[in-house]
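Presented below is the structure to which this report refers.
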4 protein chains.
Amino acid sequence: MQVNASSDGHPDLELSDTELSEFGAGTGLTLTEDVRRRQIIDATISAIAELGYVKTSFARIVERAGLSSTRMVSYHFAGKSDLVQATLGTIVDRQDTFVGERLGGEQDLRRLLLGQLRAEVAFLATHPQESTALVEIGTHAATADDADVSAQVVHAIRVGRFERLLAQGTRHGVFRECDPQIMALTMRQAIDGVVLRLRQQPSLDLDACGRELADLFDRAVRAE
Amino acid sequence: MQVNASSDGHPDLELSDTELSEFGAGTGLTLTEDVRRRQIIDATISAIAELGYVKTSFARIVERAGLSSTRMVSYHFAGKSDLVQATLGTIVDRQDTFVGERLGGEQDLRRLLLGQLRAEVAFLATHPQESTALVEIGTHAATADDADVSAQVVHAIRVGRFERLLAQGTRHGVFRECDPQIMALTMRQAIDGVVLRLRQQPSLDLDACGRELADLFDRAVRAE
Amino acid sequence: MQVNASSDGHPDLELSDTELSEFGAGTGLTLTEDVRRRQIIDATISAIAELGYVKTSFARIVERAGLSSTRMVSYHFAGKSDLVQATLGTIVDRQDTFVGERLGGEQDLRRLLLGQLRAEVAFLATHPQESTALVEIGTHAATADDADVSAQVVHAIRVGRFERLLAQGTRHGVFRECDPQIMALTMRQAIDGVVLRLRQQPSLDLDACGRELADLFDRAVRAE
Amino acid sequence: MQVNASSDGHPDLELSDTELSEFGAGTGLTLTEDVRRRQIIDATISAIAELGYVKTSFARIVERAGLSSTRMVSYHFAGKSDLVQATLGTIVDRQDTFVGERLGGEQDLRRLLLGQLRAEVAFLATHPQESTALVEIGTHAATADDADVSAQVVHAIRVGRFERLLAQGTRHGVFRECDPQIMALTMRQAIDGVVLRLRQQPSLDLDACGRELADLFDRAVRAE
DNA sequence: CATGAATGAGCCTTCATTCAT
DNA sequence: CATGAATGAAGGCTCATTCAT
């Protein structure tokens, strides 16, 4: 994955889906993933999901992974930044796989957009920890210059797909004229809002949420 | 701002909005309690906005306020939690005042809802630091059980108004049937998304954003 | 009261009962005691009794006294040391008065010694806070060179009486030959032990304790 | 030392008594965990003995141990509480060993009781720092609810043995009928009193003290 | 007689990282 | 491949005291 390389016009948020799904592999991981790395990453996901990004430290991670010392983490990852990046990549991969299976070879742009929305909410239902961790990482990446992962990257990954679908749909007359950046961002934020809500209200009916959001944005984008 | 109600007027932050910001750095003067608190709160807002919630410490705050030691902060506030709470209250007050002036005595529910949306985006244009800090505080309040401010409180403040307007509008047939919780949450998240976006793209046309969001949600909620 | 001046032979622990009871007055207090000082001292006693010497700070004291700021304490007392000294004096005065009334004009040395023992335990029953605070102050005075009150002074006050009675009794053949220092110290510690025990076992039968201790030391000191 | 039982053998302090005290200051060497812990504990004992419990901080401890930073302490111990607990355990172990050697296989209850008394005073003569630190820890454990070590535990350790010997002796008719709690507590306090006294009067003849106390309690408990 | 404001030093703890095997 | 040991920096907080009215 190359963050700054893009195939066509848009400023700096253009990453093909193929490139994006390679994100998790960037540090040398292959299909025969290092078991230790995976163990640590899973512990990181659970820690971030349950403690929040801020309270997640090497100490908390090794506790969950049942490792002997924090040295284990810094041995397998270059640093905190690297660990977060790898964790982010892993989550994105899993979500991509999940969503990809759901969408199949769907070609209709409208069904593709709304399907993406609902699939991401469905992913939240089956992978609450990954989803929560993803939002946490995204949120904190946005904060500081020396953040552990680039805000640009996370944003591109998480908003880009919606943006491309919208722009394409508008060009084909499927969707009305609108600012795809704002609309995509709102979609992203809407899903993340559900993630946040789920924390305070674990009984939340996610299926209904998915339908509600799909309906909401269907009305918001459809050509008149 | 009152935490449990929808009306205005925060218990201990009722200072007039006259300018106090010129009380600057390291004068050595002993200021009156209220002025000092305000000075510290303003430094806190700017610190959170620029550094993010996590990197904002007493040390960073006193640097910005030009105070002698971090002791100054813990002298005027019971603790970090108290400071954050007071900061939150101050920001919400300022936003309430701003939005209140914009909306005037507007009675029409639709114009009230869309006006609230656009006014909050307008507030972001004139008060970017307050807006950013507000999102940061809200985000981190959602994280941990022992957060400095209650997630419930922040959520109620920031989402409640939209939710009430939506429920009311639906009852009166102005808006279509929809889940007011999800819709209100999405509005909240949409605005916060713009705040986040502004950080990476300071040239963002906020006026256009406001219109875009108003249009988006107008389509999403209007009775058919 | 003059700590170092003594009327007769023993090294540095000789203070007449009269001198001792003036201890509390040494800082200018008269019968028409300053109300504020008394208020602060009482708050100090209760704080030390309930929180322990270590956790007792100006902040805790003003809380209990309902005063506005710690400045109130440092205004009425030269410093922490002065406050502790005055508190110690007040407690010793109260105990002296209590014990004095109990012993009346008793002349018999054995009854005087055992009566002192039992009276001090009785004081503990009616004045648990004063007693606890007294032990706390005594204990912590013994610790460091720059302690708030001189260990010598506290020791002289609290052990001296027993020592003099013992020495006198031995001279008159009422008590057996023994080291009056060790014996007096043990008496002091025995009573203090009851104070400590009372904390963990508030249901303790203090009357029985008093009898038990009196019996114990009666056997320990009586001439054979 | 086992907290809940009367026998010996502390769970994690079973290091042999071979001399390790020459592992001195700032060698820069990385020592094995156990040795480092012992070094820190010894520094803690000396600090508490000389400065008192209250003034003993991580900073004072690392000074004495010649370590580079306070981080060294929190690296080897879970926290202050853990350090105090380990220190307490170490001291009790040393005293148990010392007293055990002195008493040998003594079976006679009276000689066992008085021997215990004298052996503890003898321990004070050879291990003044341990003894002083022990009293300091015990005193401060008794104070607050969130003390570093439980008052119950310390009391059980330090008074329990006397109490059991007394109860047993009374059952066998060796000692008179008396309240074993009060009597044991008084013995404990008597020995602690000598510890306190030694601070102010280092020339104290501890051998004489031991004899005096043994005589005192022999008279106090013997069957008539 | 009383008060508010300010202060520097110290506390224990947690952090991610580096140095050695 | 794995580990133990060590580290400096920073965190929020409490302390008794002093400076001004």
Side-chain angles (χ1 to χ4, degrees), chain A residues 34-36 54-62 67-83 148, chain B residues 26-37 54-62 67-84 148, chain C residues 34-36 54-62 67-84 148, chain D residues 26-37 54-62 67-83 148:
Chain A
D34 182 4
V35 177
R36 257 297 135 77
V54 178
K55 292 198 190 314
T56 296
S57 66
F58 283 13
R60 296 296 86 72
I61 291 168
V62 299
L67 302 172
S68 57
S69 94
T70 63
R71 188 62 185 75
M72 199 76 272
V73 178
S74 43
Y75 178 71
H76 287 281
F77 297 89
K80 192 189 181 185
S81 191
D82 184 34
L83 170 62
D148 298 310
Chain B
T27 57
L29 295 177
T30 69
L31 300 180
T32 167
E33 170 77 9
D34 287 343
V35 176
R36 194 58 101 191
R37 278 178 67 99
V54 179
K55 292 199 189 320
T56 296
S57 67
F58 283 12
R60 298 296 86 72
I61 291 168
V62 299
L67 300 173
S68 55
S69 90
T70 63
R71 186 63 183 78
M72 199 80 277
V73 179
S74 44
Y75 176 69
H76 288 282
F77 296 88
K80 191 189 182 187
S81 187
D82 184 33
L83 172 61
V84 173
D148 296 314
Chain C
D34 183 3
V35 177
R36 257 297 133 77
V54 178
K55 291 198 189 319
T56 296
S57 67
F58 282 14
R60 299 294 87 73
I61 291 168
V62 299
L67 300 173
S68 57
S69 93
T70 63
R71 189 63 186 74
M72 198 78 269
V73 178
S74 45
Y75 179 71
H76 286 284
F77 297 89
K80 192 187 181 187
S81 190
D82 184 33
L83 171 61
V84 174
D148 297 310
Chain D
T27 57
L29 296 177
T30 68
L31 301 180
T32 168
E33 171 77 8
D34 287 344
V35 176
R36 196 57 103 190
R37 277 178 68 98
V54 179
K55 291 197 191 315
T56 296
S57 66
F58 284 12
R60 299 294 87 72
I61 291 169
V62 299
L67 301 172
S68 55
S69 89
T70 63
R71 186 61 185 78
M72 199 80 275
V73 178
S74 42
Y75 175 69
H76 288 282
F77 297 88
K80 191 187 181 187
S81 188
D82 184 35
L83 171 61
D148 297 311

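These numbers come from a predicted model, not from an experiment. The figures that follow rest on heavy atoms only: side chains count, while hydrogens, waters and symmetry mates do not. A, B, ... follow the sequence lines: proteins, then strands. Residue 1 opens every chain.
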Item to check | Inter-nucleotide P distance (E:dC1, F:dA20), Å rounded | outcome: 23 Å
Checklist outcome for this item: Rounded to whole Å, the CE-C1' distance (A:Met72 to F:dG4) equals 12 Å
Checklist entry - Would you say a side-chain N or O of C:Ser68 is under 4.0 Å from OP1 or OP2 of E:dG4? => result yes
Checklist entry - Phosphate oxygens OP1/OP2 of E:dG4: is one of them under 4.0 Å from a side-chain N or O of B:His76? => result no
Checklist outcome for this item: For residues 69-79 of chain C, the salt bridge (Lys or Arg N to Asp or Glu O under 4.0 Å) pairs (sequence neighbours left out) are none
Checklist entry - What is the distance from CZ of B:Phe77 to P of F:dT14, rounded to the nearest Å? => result 15 Å
Item to check | Those residues that, when tested against D:Ser81, pass side-chain contact (heavy atoms from CB on, under 4.5 Å) (two or more places apart) | outcome: D:Gln85, D:Asp148
Checklist entry - What residues, two or more places apart in sequence or in another chain, satisfy side chain to side chain donor-acceptor pair (under 3.5 Å) together with B:Arg60? => result B:Glu63
Item to check | Rounded interatomic separation in angstrom, taking CD1 from C:Ile61 and C1' from F:dT14 | outcome: 14 Å
Checklist entry - For the residue pair A:Ile61 and A:Val73, what are the closest heavy atoms and their distance? => result CG2-CG2, 4.4 Å
Next on the checklist: According to side chain to side chain donor-acceptor pair (under 3.5 Å), who are the partners of D:His76, at least two apart in sequence or on a separate chain?
Outcome noted: D:Glu33
Checklist entry - Once each nucleotide of nucleotides 14-21 of chain E is scored for protein heavy atoms under 4.0 Å, what B/S/- sequence comes out, 5' to 3'? => result BBBBBBB-
Checklist entry - Looking only at heavy atoms, what is the nearest atom pair of C:Leu83 and C:Phe58, with distance? => result CD2-CE1, 4.0 Å
Checklist outcome for this item: C:Leu83 CG to F:dA16 P, in whole Å, measures 10 Å
Next on the checklist: Can you list everything that forms a side-chain contact (heavy atoms from CB on, under 4.5 Å) with A:Ala78? Sequence neighbours excluded, please.
Outcome noted: A:Asp82
Checklist entry - Closest heavy-atom contact between C:Thr70 and C:Val62? => result CA-CG1, 3.7 Å
Checklist entry - For DNA chain E, what are the stems built from at least three Watson-Crick or G-U pairs in a row, each pair having both distances below 3.5 Å? => result E:2-21 with F:2-21
